[in-house]
Amino acid sequence: MLLLSVIWALAVPQPDILISGDGHNVGVRGRDGRLHLMKTGKDGFLIKEWLAADADPRQAGDSSLTDGVSCDEEGCVTPLADGRFVALTLRPDALADDCRHAVLLVTAKQAPPACGSTVIDLERLRRQGAMALRQVRDGIIVDAVKPRSVNRPGRPGPRAKRRRSPPTSHRR
């Protein structure tokens, strides 16, 4: 049983990109196979959890977490293992440029309709929560905390239809 567990753990692909539920933290697996972080907020607990799940011995404050990450007031970019870029866009005036150059764009802003990148915006994060993304030959597979078709007790999924009860009359 232990051998099967080890084989199963090794066979499960690690995510290439991790996005926090609020979009303030994005972890991108670089060429070195390790996570590199773009962040606009301080969430040490989240980063510790990501590193632990990745079996990465680095601490949340380790400066190597931002190796290869380039940030300015408009946002951050960092390359994936294949050299394509992921962008965390903070300002609307950076969206057009990031849409042209990044394969994935994470933003709290409204992306242009003709954006050539896959866009994870604040609305999608609200609907689906934190995400783990894996690159595949045909594109990107998204594993969300709240998948689109899942209904939870007391919180129907986005595709669930709510039924209205017919009005009742009260007689005295």
Side-chain angles (χ1 to χ4, degrees), residues 12-30 35-54 56 60 65-66 69-82 84-166:
V12 173
Q14 293 178 307
D16 296 305
I17 303 163
L18 298 170
I19 304 171
S20 64
D22 61 5
H24 292 292
N25 295 280
V26 179
V28 177
R29 192 165 309 285
L35 288 176
H36 298 270
L37 298 177
M38 297 184 290
K39 55 187 177 176
T40 60
K42 293 185 178 189
D43 192 342
F45 179 77
L46 172 77
I47 294 168
K48 283 182 196 176
E49 291 298 307
W50 282 359
L51 293 172
D54 211 40
D56 190 325
L65 289 169
T66 57
V69 175
S70 177
C71 294
D72 60 21
E73 64 278 348
E74 294 181 344
C76 298
V77 295
T78 194
L80 286 158
D82 64 7
R84 296 183 299 163
F85 285 92
V86 174
L88 174 60
T89 308
L90 303 175
R91 292 194 170 177
D93 51 330
L95 286 167
D97 189 45
D98 288 344
C99 281
R100 280 193 304 275
H101 294 92
V103 66
L104 177 76
L105 178 68
V106 180
T107 185
K109 309 299 179 195
Q110 180 70 37
C115 186
S117 304
T118 298
V119 177
I120 306 292
D121 61 8
L122 193 56
E123 181 57 35
R124 184 167 181 185
L125 288 168
R126 284 184 181 139
R127 276 192 329 266
Q128 292 186 282
M131 298 179 187
L133 295 83
R134 289 181 287 120
Q135 291 185 90
V136 293
R137 187 176 308 159
D138 302 352
I140 296 175
I141 294 176
V142 176
D143 294 318
V145 169
K146 299 183 277 188
R148 291 182 186 193
S149 61
V150 173
N151 287 334
R152 296 174 193 252
R155 293 189 62 141
R159 292 186 181 170
K161 292 182 180 177
R162 294 185 180 165
R163 295 184 184 171
R164 272 201 164 148
S165 300

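We're numbering straight along the sequence, starting at 1.
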Would you call [X] and [Y] a side-chain contact if the rule is heavy atoms closer than 4.5 Å?
X: L104; Y: S117; answer: no
X: V28; Y: L35; answer: no
X: D22; Y: L125; answer: no
X: Q135; Y: D82; answer: yes
X: L88; Y: T107; answer: no
X: C99; Y: P112; answer: yes
X: D93; Y: E74; answer: yes

Legend entry - Whether R84 side chain and A102 backbone form a donor-acceptor pair below 3.5 Å: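 No: the side chain of R84 does not pair with the backbone of A102.
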Inset, instruction - Check for a donor-acceptor pair, side chain of K146 on one end and backbone N or O of R126 on the other, with a separation under 3.5 Å. - result: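 Checked: pair present.
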Inset, instruction - Determine, step by step, whether M131 and I120 satisfy the side chain to side chain contact (heavy atoms under 4.5 Å, CB included) criterion, reporting the C-alpha distance in whole Å, the side-chain angles of both residues, the deciding distance to 0.1 Å, and the verdict. - result: CA-CA 9 Å; M131 298 179 187; I120 306 292; 3.8 Å; yes
Pairwise distance [atom1]([X]) to [atom2]([Y]) - rounded to 0.5 angstrom:
X: T40; Y: N25; atom1: OG1; atom2: CG; value: 6.5 Å
X: L95; Y: R100; atom1: CG; atom2: CZ; value: 11.0 Å
X: D56; Y: I47; atom1: CG; atom2: CD1; value: 11.5 Å
X: E123; Y: Q128; atom1: CD; atom2: CD; value: 10.5 Å
X: C71; Y: E73; atom1: SG; atom2: CD; value: 10.5 Å
X: E49; Y: L18; atom1: CD; atom2: CG; value: 12.0 Å

Inset, instruction - Apply the test side chain to side chain contact (heavy atoms under 4.5 Å, CB included) to residues R124 and V142: give CA-CA distance (whole Å), side-chain angles for both, the deciding distance (0.1 Å), then the verdict. - result: CA-CA 12 Å; R124 184 167 181 185; V142 176; 3.8 Å; yes
Using every non-hydrogen atom in the two residues, find where [X] and [Y] come nearest and quote the distance to one decimal.
X: A87; Y: M38; result: C-CE, 4.3 Å
X: V69; Y: L37; result: CG2-O, 3.4 Å
X: A60; Y: K48; result: CB-CG, 4.1 Å
X: F85; Y: V77; result: CD2-CB, 4.2 Å

Inset, instruction - Classify the side-chain pair Q14/D54 by whether it contains a donor and acceptor separated by less than 3.5 Å. - result: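 The criterion, which ignores hydrogens and geometry beyond distance, is satisfied for D54 and Q14.
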Inset, instruction - Classify the side-chain pair T78/H36 by whether it contains a donor and acceptor separated by less than 3.5 Å. - result: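 There is no such pair between these side chains.
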Inset, instruction - Dump the intermediate steps for side chain to side chain contact (heavy atoms under 4.5 Å, CB included) on I17 and L80, then the final yes or no. - result: CA-CA 8 Å; I17 303 163; L80 286 158; 3.8 Å; yes
Legend entry - Qualifying residue, where the test is side-chain contact (heavy atoms from CB on, under 4.5 Å) with T89 and the options are D98, D121, V119: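 Exactly one candidate clears the test, D98.
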Inset, instruction - Could you check K39 against L65 for side chain to side chain contact (heavy atoms under 4.5 Å, CB included), going step by step and ending with a plain yes or no? - result: CA-CA 10 Å; K39 55 187 177 176; L65 289 169; 5.8 Å; no
